[in-house]
Protein chains: 2
Amino acid sequence: MGVAKDVSKDIKAVLRDQISGKLLLPLQKIPSERELSELFSITRISVKSALDSLEVEGLIYREDRRGWFVSPPRIKYNPLSRCHFHQMIRDQQRTAKTQLLGVKSMMAPSIIATLLALSELTPIHVIERLRYIDGRAVLFVENCLISHCFPDILSEDLAQSLTILYATKYGFKTNRSNFEFIPTAAPEHVAQALNIRTGQQVLKICRVNYNQHNDIIDCEFEYWRTDAVMISINN
Amino acid sequence: MGVAKDVSKDIKAVLRDQISGKLLLPLQKIPSERELSELFSITRISVKSALDSLEVEGLIYREDRRGWFVSPPRIKYNPLSRCHFHQMIRDQQRTAKTQLLGVKSMMAPSIIATLLALSELTPIHVIERLRYIDGRAVLFVENCLISHCFPDILSEDLAQSLTILYATKYGFKTNRSNFEFIPTAAPEHVAQALNIRTGQQVLKICRVNYNQHNDIIDCEFEYWRTDAVMISINN
DNA sequence: AATAACTGCTGGACTAGTCCAAAAACCAAC
DNA sequence: GTTGGTTTTTGGACTAGTCCAGCAGTTATT
């Protein structure tokens with residue numbers, strides 16, 4: 001889309017300034033597109049364009065038909081630390097919440113089968129969850145578990161940390177993981193859950209987990225709102 | 001921007017299909033926005049919106065006033081492997097090129113000083129380079145070196161690997177590094193170099209390098225075209 | 001043969017609207 | 001007090017154009 005250059009340079013600079021100057025605080029609402037277009041005497045399309053650009057930058061985010069809001073600071077995600085979601089968020093003085101969206105049991109589709117190194121028709125469980133930080137839905141997670149490794153797991157509370165559940169109920173420790181971080185667009189079902197537009201940018205993380213015997217136990221697809229996270233690695 | 005929903009769903013699906021079906025090949029040009037708008041009987045704005053969305057997905061990219069093109073496969077970037085850029089690209093059967101954009105010598109601004117753990121006014125060299133994969137500019141790099149650690153470095157060929165230069169000329173080995181990966185928008189000078197629009201999404205990588213004595217020797221800012229790369233970690 | 005000027009094509013930026021659907025606020029009826 | 005419509009507000013999607021600037025290829029000039 002027309003990305004802000006001349007007319008919208010103004011409004012971008014003003015908003016950026018207001019945000020960095022703490023006049024607009026995290027989670028606070030920004031005036032509506034129509035208001036801004038009147039304030040700056042430009043079309044709503046140009047306003048949208050400027051807001052889009054600030055959104056890419058990670059300064060603001062939109063909620064469908066609710067308005068635009070200032071983004072809170074990014075969470076630091078260290079893939080090398082064996083720390084589960086709630087712990088990580090708590091360590092950064094933020095509050096976390098997990099909501100179970102649904103569970104499906106099915107035969108592993110080919111992409112998943114390849115990732116999990118399954119050679120033939122194998123049943124898997126797919127657990128879909130939505131994670132919140134400070135009350136805002138920022139992460140959609142899809143876990144694919146090899147069913148026979150986790151008998152009876154569906155009767156457990158799946159809103160808790162799966163890593164902990166693996167350890168306590170099955171004696172599995174996540175020994176190592178393979179990660180892939182891919183900036184891409186949100187697929188339909190993810191966009192819907194995160195309340196963003198289909199095709200909007202997200203950070204996709206594909207993760208394959210190995211237990212202490214070096215067996216693959218599950219894989220995970222995470223979709224983060226890009227303004228909510230940064231990857232941090234110290235080695 | 002209006003992200004593709006109804007009218008533009010069509011055009012998105014068609015292009016996606018043509019690309020995955022290899023009817024449109026990497027680096028190949030897509031029909032112009034005006035042509036597409038006639039072909040699908042929709043406005044150019046709607047076409048733009050659909051193309052924008054495919055761009056976010058990483059399937060296509062634009063070149064200013066030249067047209068839209070199909071993205072080649074992403075490069076896998078493993079931050080834990082001590083492998084320099086040209087080596088990494090070669091290992092993936094692609095061709096790399098580095099172009100020196102310029103060198104500045106200055107006092108470290110506060111952000112850099114903090115990163116490099118400098119306590120007082122310290123001169124640094126800033127080396128700006130542009131990296132190409134298969135002839136396409138995909139990576140803008142800014143290296144900030146503490147000047148007194150690298151006497152006379154400016155007389156060297158700076159288009160080669162700095163890691164290698166550090167080792168051969170100064171006996172420095174990059175022992176470990178801290179990384180931060182941040183999906184954000186391209187600043188003005190980066191956008192210009194990469195030939196993308198200001199404010200377009202990029203993957204920003206901040207990296208601080210330590211030598212074998214555990215001293216910070218330099219820091220680096222990388223800005224990747226998001227469709228050109230994925231981060232891959234195995235541990 | 002080299003260079004400068006022209007020209008068409010491309011995306012960039014923008015104006016001025018319209019219609020729609022979801023969310024939220026409001027208000028009246030129960 | 002709660003429920004259930006109605007109205008208002010908000011962003012989503014779209015139409016139908018305009019003008020501009022950079023790129024590339026051609027043509028005319030030197």
Side-chain angles (χ1 to χ4, degrees), chain A residues 1-13 15 28-56 60-70 136-137 185-186 188 191-200, chain B residues 1-13 15 28-56 60-70 135-137 185-186 188 191-201:
Chain A
M1 224 44 359
V3 147
K5 266 279 172 67
D6 304 314
V7 175
S8 12
K9 209 160 43 175
D10 244 23
I11 174 172
K12 277 176 66 179
L15 286 175
Q28 192 177 330
K29 191 172 179 308
I30 288 171
S32 78
E33 294 182 356
R34 280 170 241 258
E35 276 180 77
L36 288 173
S37 82
E38 277 193 27
L39 269 170
F40 289 85
S41 310
I42 52 179
T43 350
R44 216 181 112 212
I45 287 199
S46 305
V47 172
K48 270 169 124 62
S49 160
L51 294 175
D52 277 343
S53 166
L54 291 174
E55 181 186 40
V56 169
I60 62 176
Y61 65 96
R62 84 182 79 202
E63 282 190 26
D64 197 10
R65 278 158 251 262
R66 291 225 317 125
W68 288 88
F69 303 85
V70 178
R136 176 178 166 228
E188 187 73 37
Q192 214 153 359
L194 288 176
N195 190 26
I196 59 181
R197 293 164 308 167
T198 320
Q200 190 172 329
Chain B
M1 223 44 8
V3 147
K5 267 280 172 66
D6 304 314
V7 174
S8 11
K9 207 159 47 174
D10 246 21
I11 175 173
K12 277 176 67 177
L15 286 176
Q28 192 177 329
K29 192 174 178 306
I30 288 171
S32 78
E33 295 182 356
R34 282 170 239 259
E35 276 180 78
L36 288 173
S37 81
E38 278 194 26
L39 269 170
F40 289 86
S41 309
I42 51 180
T43 352
R44 216 181 114 211
I45 286 199
S46 306
V47 172
K48 269 169 123 65
S49 160
L51 294 175
D52 277 344
S53 165
L54 291 174
E55 181 186 41
V56 169
I60 62 176
Y61 65 96
R62 83 182 82 201
E63 282 191 26
D64 197 11
R65 278 158 252 261
R66 292 223 317 125
W68 289 88
F69 303 84
V70 178
R136 175 178 166 228
E188 187 72 37
Q192 215 154 358
L194 287 175
N195 190 26
I196 59 180
R197 292 165 308 169
T198 320
Q200 190 171 328
Q201 69 166 358

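All chains are named by letter (A, B, ...) in the order of the sequence lines, taking the proteins before the strands, and each is independently numbered beginning at 1. Quick note: numbers below take in every heavy atom, side chains included, and nothing from hydrogens, waters or symmetry partners.
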Inset, instruction - Before accepting this row, confirm whether a basic side-chain N of the pair B:Arg197/B:Glu55 lies closer than 4.0 Å to the acidic partner's carboxylate O. - result: yes
Inset, instruction - Would you check if B:Phe69 and B:Gln28 make a side-chain contact, meaning some heavy-atom pair closer than 4.5 Å? - result: no
Legend entry - Side-chain touch B:Val56/A:Gln200, heavy atoms, less than 4.5 angstrom: no
Please pick, from [options], the nucleotide with the shortest atom-to-atom distance to any side-chain atom of [X].
X	options	value
B:Asp64	C:dG11, C:dT15, D:dA24	C:dG11
A:Arg197	D:dG12, D:dC14, C:dT10	D:dG12
A:Thr43	C:dG11, D:dG12, C:dT15	C:dT15
B:Ser46	C:dT10, D:dG11, D:dT15	D:dT15
A:Arg65	C:dG12, D:dG12, C:dC14	D:dG12

Once you round it to whole Å, what is the distance between [atom2] of [N] and [atom1] of [X]?
X	N	atom1	atom2	result
B:Glu35	C:dG8	CD	P	17 Å
B:Lys48	C:dT10	NZ	P	12 Å
A:Lys29	C:dA23	NZ	C1'	12 Å
B:Glu33	C:dA13	CD	C1'	12 Å
A:Arg34	D:dG12	CZ	P	10 Å
A:Glu63	C:dA21	CD	C1'	17 Å
B:Ile45	D:dG17	CD1	C1'	9 Å
A:Asp10	C:dA13	CG	P	15 Å

Legend entry - Polar side-chain contact A:Arg44-C:dG17 base: donor and acceptor under 3.5 Å: no
Inset, instruction - Look at the side chain of B:Arg62 and the base of C:dG12, then say whether one donor and one acceptor between them are separated by less than 3.5 Å. - result: no
Inset, instruction - Step by step, work out the side-chain contact (heavy atoms from CB on, under 4.5 Å) result for B:Arg62 and B:Leu51. - result: CA-CA 9 Å; B:Arg62 83 182 82 201; B:Leu51 294 175; over 6 Å; no
Inset, instruction - State whether the side chain of A:Thr43 and the backbone N or O of A:Ser46 hold a donor-acceptor pair below 3.5 Å, judged by distance alone. - result: no
Legend entry - N or O in side chain of B:Arg66 less than 4.0 angstrom from D:dA24 OP1/OP2: yes
